[in-house]
Structure formats: C-alpha cells, structure tokens
Novice: 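Sharing a structure with you now.
Along the sequence shown, residues carry numbers from 1. All ligand and atom numbering here is 1-based and tracks the order in the structure.
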Amino acid sequence: MSKRKIAVIPGDGIGPEITDAVLSILESAGFEAEWEFLEAGQPAMDKGKPPMPEETIERIREIGIALKGPTATPIGKGHKSANVALRQALDLFANVRPAKTLPGLKGPFADKRIDMIIVRENTEDLYAGIEYQAHPDVAQAIKVITRPGCARLCKYAFEMTKSQGRKRLTAVHKANIMKLTDGMFLEEFYKAAKDYPEIHADDIIVDNCCMQLVTRPETFDVLVTENLYGDIVSDLAAGLVGGLGLAPGANIGINCAVFEAVHGSAPDIAGKGVANPTALLFSALMMLRHLGENEMADRIGKAVLRVCSDGQCLTVDLGGKASTDEYKVEVIRRAQDALSV
Ligand code: ATP
C-alpha cells in the first residue's frame with residue numbers, strides 16, 4: 001500500500017528545527033507518511049516569491065492535508081501574511097485551538113484544571129484585509145462578517161463540541177458595541193444552538209471573557225468567536241497553560257486541513273536549538289486524530305505528559321535546560337517505552 005502523502009511547510013525562524021523534531025517523533029512512533037516539503041515564508045521571499053506562493057497553495061489543495069511550521073509576518077508593511085493568504089485561499093474557515101493544563105508544569109495556573117477549546121473564525125472580520133487611507137492622517141479598516149460565514153462556523157463548533165462529548169459552548173463577542181457585525185454572529189450562534197439541545201449554549205462579552213479566563217479559567221469548555229477576538233483570546237489561553245511553546249492549532253476547511261502551532265517564528269531564539277517543539281507536535285497529534293490514527297496520537301501524547309510531569313527534560317521556555325534535540329529524544333524514548341509495556 002502506498003504511504004499517505006502529507007504536505008510539510010518548515011517555514012521561518014524556529015520552523016525548520018521544530019518541524020524536524022516533530023517528524024522524527026512521528027516516524028519513530030511508527031507513523032508512515034510521504035512528506036512533501038513545500039516552500040513558504042522567508043525561503044520563498046528570498047527567491048522573489050510571495051510568502052505563500054501560489055504553487056504551495058495549489059499543492060496543499062491537491063494533497064488535502066498539511067503540517068505547517070511558523071512563517072513570519074512583516075509588521076506594518078510588505079506582503080500579506082502567509083497564514084492569512086493560506087487560510088483565505090483554501091477557505092480554512094475554522095481555527096481550532098485547545099488549551100489544557102499539563103501535569104507537573106509550574107506557573108500561576110498550574111493548580112487549575114484548565115481544559116478548553118477555542119474555535120476561531122479564520123477568514124473574515126478585520127482580517128479580510130480591506131484597509132485604506134483616504135487622507136494622510138486617517139486610516140480605515142473594514143470588519144467583514146457574513147451570515148453564511150457565521151452559520152458554518154457555529155455549526156462546526158456545535159458539531160465539534162458534540163463529537164468530543166463536551167457540554168458547553170460559549171460565544172465570545174462584543175455585540176453591545178458592534179451591533180450589526182457581532183450581532184449577526186450572535187444571532188447565528190443561537191440559531192445553530194436550536195439543533196443541539198444537549199449542549200449548553202451561552203455567550204459572553206470579550207472583555208469580560210478575558211477577565212474570567214484569568215480569574216476562573218477552569219469553568220470554560222468550548223469557546224467560539226470571530227477572527228480577531230479569537231486570535232487574542234487563544235494566546236491568552238495559551239499563556240494560562242504554559243505558554244506558546246505548548247499551544248497547538250488546526251485550520252479546518254471543507255476539503256483541506258492545515259495543522260500548525262499558535263506561536264510565530266520566534267526569531268529571538270531561531271537557530272539556537274532551544275525551541276520547544278511541543279506546540280507543533282500537539283498540532284501533529286491533532287492531524288493524526290483527523291486521519292483516524294487515535295491510538296498513535298494517544299501514545300505520543302502520553303509520552304509528552306510523562307516527560308512534562310517528570311520535569312527532568314523540559315525546554316528553556318518551561319524552566320528547563322533541555323535542547324530541542326534532547327527533548328525530542330526523551331519523547332521518542334517514552335513513546336517507545338509505552339509500546340514495550
Ligand atoms: P512572529 O513575528 O513570527 O509572530 P514573534 O516573536 O513576534 O514572531 P512568537 O514567535 O509567537 O512571536 O514568539 C513570542 C515569544 O514566545 C518569543 O519570545 C519566542 O521566543 C517565544 N516562543 C514562541 N514559540 C516558542 C517555542 N516553540 N519555544 C520556545 N519559545 C517560543
């Protein structure tokens with residue numbers, strides 16, 4: 001039987017180091033795939049191409065599944081973000097970001113049992129990229145929210161909540177101020193809720209949500225929100241459970257899915273061999289589950305939990321001293337131990 005093909009974008013900064021570690025861990029655990037490496041970010045721009053070249057998008061469209069390292073976004077000028085381009089071109093409308101406390105990790109929220117998933121709209125909102133400057137002293141941006149966009153996102157969020165056996169879905173918004181745009185989102189949320197009577201549906205204003213996320217994060221289950229709020233709230237949630245080095249993500253469309261960590265290219269630590277590959281690894285485990293490889297995903301996930309609770313081989317961002325490579329070797333060892341038990 002031929003191996004399944006998976007597109008891989010190593011990306012910028014720490015991208016190639018953590019991608020390399022993650023592929024080694026997957027292969028050592030017995031996952032068989034034919035990786036097709038594609039170009040995006042700085043390597044593409046060095047050749048005069050846009051950060052997300054058309055041929056890369058087309059290959060992912062054909063292959064249907066990709067594991068993606070971070071790609072840097074120049075601030076204030078230059079090209080459109082590679083991520084935004086990819087999400088819009090492939091219509092990856094739902095961005096799923098789980099945040100769960102890992103045993104043994106230190107931090108102000110270590111004693112809380114946080115286990116939430118944020119579902120973020122991925123193609124609309126202020127990210128639609130409609131900005132203009134009619135006067136040198138006035139810049140404007142347009143927030144685009146569509147009814148079909150809200151409807152499919154909310155349906156996806158309810159379906160995901162149900163399929164994971166979760167009980168509560170909370171819409172995060174600012175409809176008290178954004179009456180038409182966020183108002184429409186909220187309307188579609190409660191319309192979708194009627195088809196899922198077994199799920200407790202409620203809503204919260206985004207500023208109150210942020211406050212409650214830091215005061216009682218353990219009370220949240222699944223959150224669904226628009227693009228910009230989702231970006232901010234999911235980074236906040238990542239901070240609650242150990243930082244960006246641990247936060248995975250999946251971009252889901254009708255025919256394609258792209259799995260990538262929440263964090264960026266971390267240029268400050270790139271090339272030093274100290275980056276934490278866990279966020280990309282957890283993203284890869286979401287990919288394995290998407291492919292139905294649940295046993296393997298569970299086994300690798302448990303190996304990571306053991307390494308974390310043991311605390312002897314943590315990367316620098318988690319207060320340890322291990323290099324990316326040392327951490328990778330330890331995860332592989334633990335995953336193999338699990339097989340021989
Ligand atoms: P970009 O412009 O690509 O978004 P950035 O540095 O602005 O890059 P992040 O890459 O998300 O944003 O990094 C924010 C901080 O978190 C940095 O100090 C970075 O070193 C740290 N960080 C991010 N990812 C990791 C990781 N996987 N391991 C260790 N530290 C990380």
Novice: Can you confirm, on distance only, whether ligand 1 has an N/O atom lying under 3.5 Å from any N/O atom belonging to Gly264?
Specialist: yes

Novice: Aromatic ring centroids of His290 and Phe259 under 6.0 Å?
Specialist: yes

Novice: Quick one: does Ala72 get a heavy atom under 4.0 Å from ligand 1?
Specialist: yes

Novice: Are Leu26 and Ile300 close enough that some pair of their side-chain heavy atoms sits under 4.5 Å apart?
Specialist: yes

Novice: At less than 4.0 angstrom from any non-hydrogen atom of His263, what atoms of ligand 1 do you find?
Specialist: 11 (O), 23 (C), 24 (N), 27 (N)

Novice: Considering only heavy atoms of Ala266, which atoms of ligand 1 have at least one such atom less than 4.0 Å away?
Specialist: 6 (O), 8 (O), 10 (O), 19 (C), 20 (O), 23 (C)

Novice: Does the residue Pro70 have a heavy-atom contact with ligand 1, meaning some pair of atoms that are separated by less than 4.0 Å?
Specialist: no

Novice: Can you list everything that forms a salt bridge (charged side-chain N to carboxylate O under 4.0 Å, His left out) with Glu260? Sequence neighbours excluded, please.
Specialist: Lys68, Arg87

Novice: Have a look at Ile14, Asp235, Leu244, Thr71 and point out the one with the heavy atom closest to atom 16 (O) of ligand 1.
Specialist: Leu244

Novice: I need the atoms of ligand 1 closer than 4.0 Å to a non-hydrogen atom of Asn276, numbered in the order shown.
Specialist: 26 (C), 27 (N), 28 (N), 29 (C)

Novice: Would you name the heavy atoms of Ile118 and Ser234 that are closest together and state the gap between them?
Specialist: CD1-CA, 3.6 Å

Novice: Under the rule for salt bridge (charged side-chain N to carboxylate O under 4.0 Å, His left out), what residues qualify as partners of Lys155, not counting sequence neighbours?
Specialist: none

Novice: Which pair of heavy atoms, one from Leu240 and one from Pro217, lies closest together, and at what distance?
Specialist: CD1-CB, 3.7 Å

Novice: Any idea which atoms of ligand 1 are less than 4.0 Å away from a heavy-atom of Pro267?
Specialist: 6 (O), 8 (O)

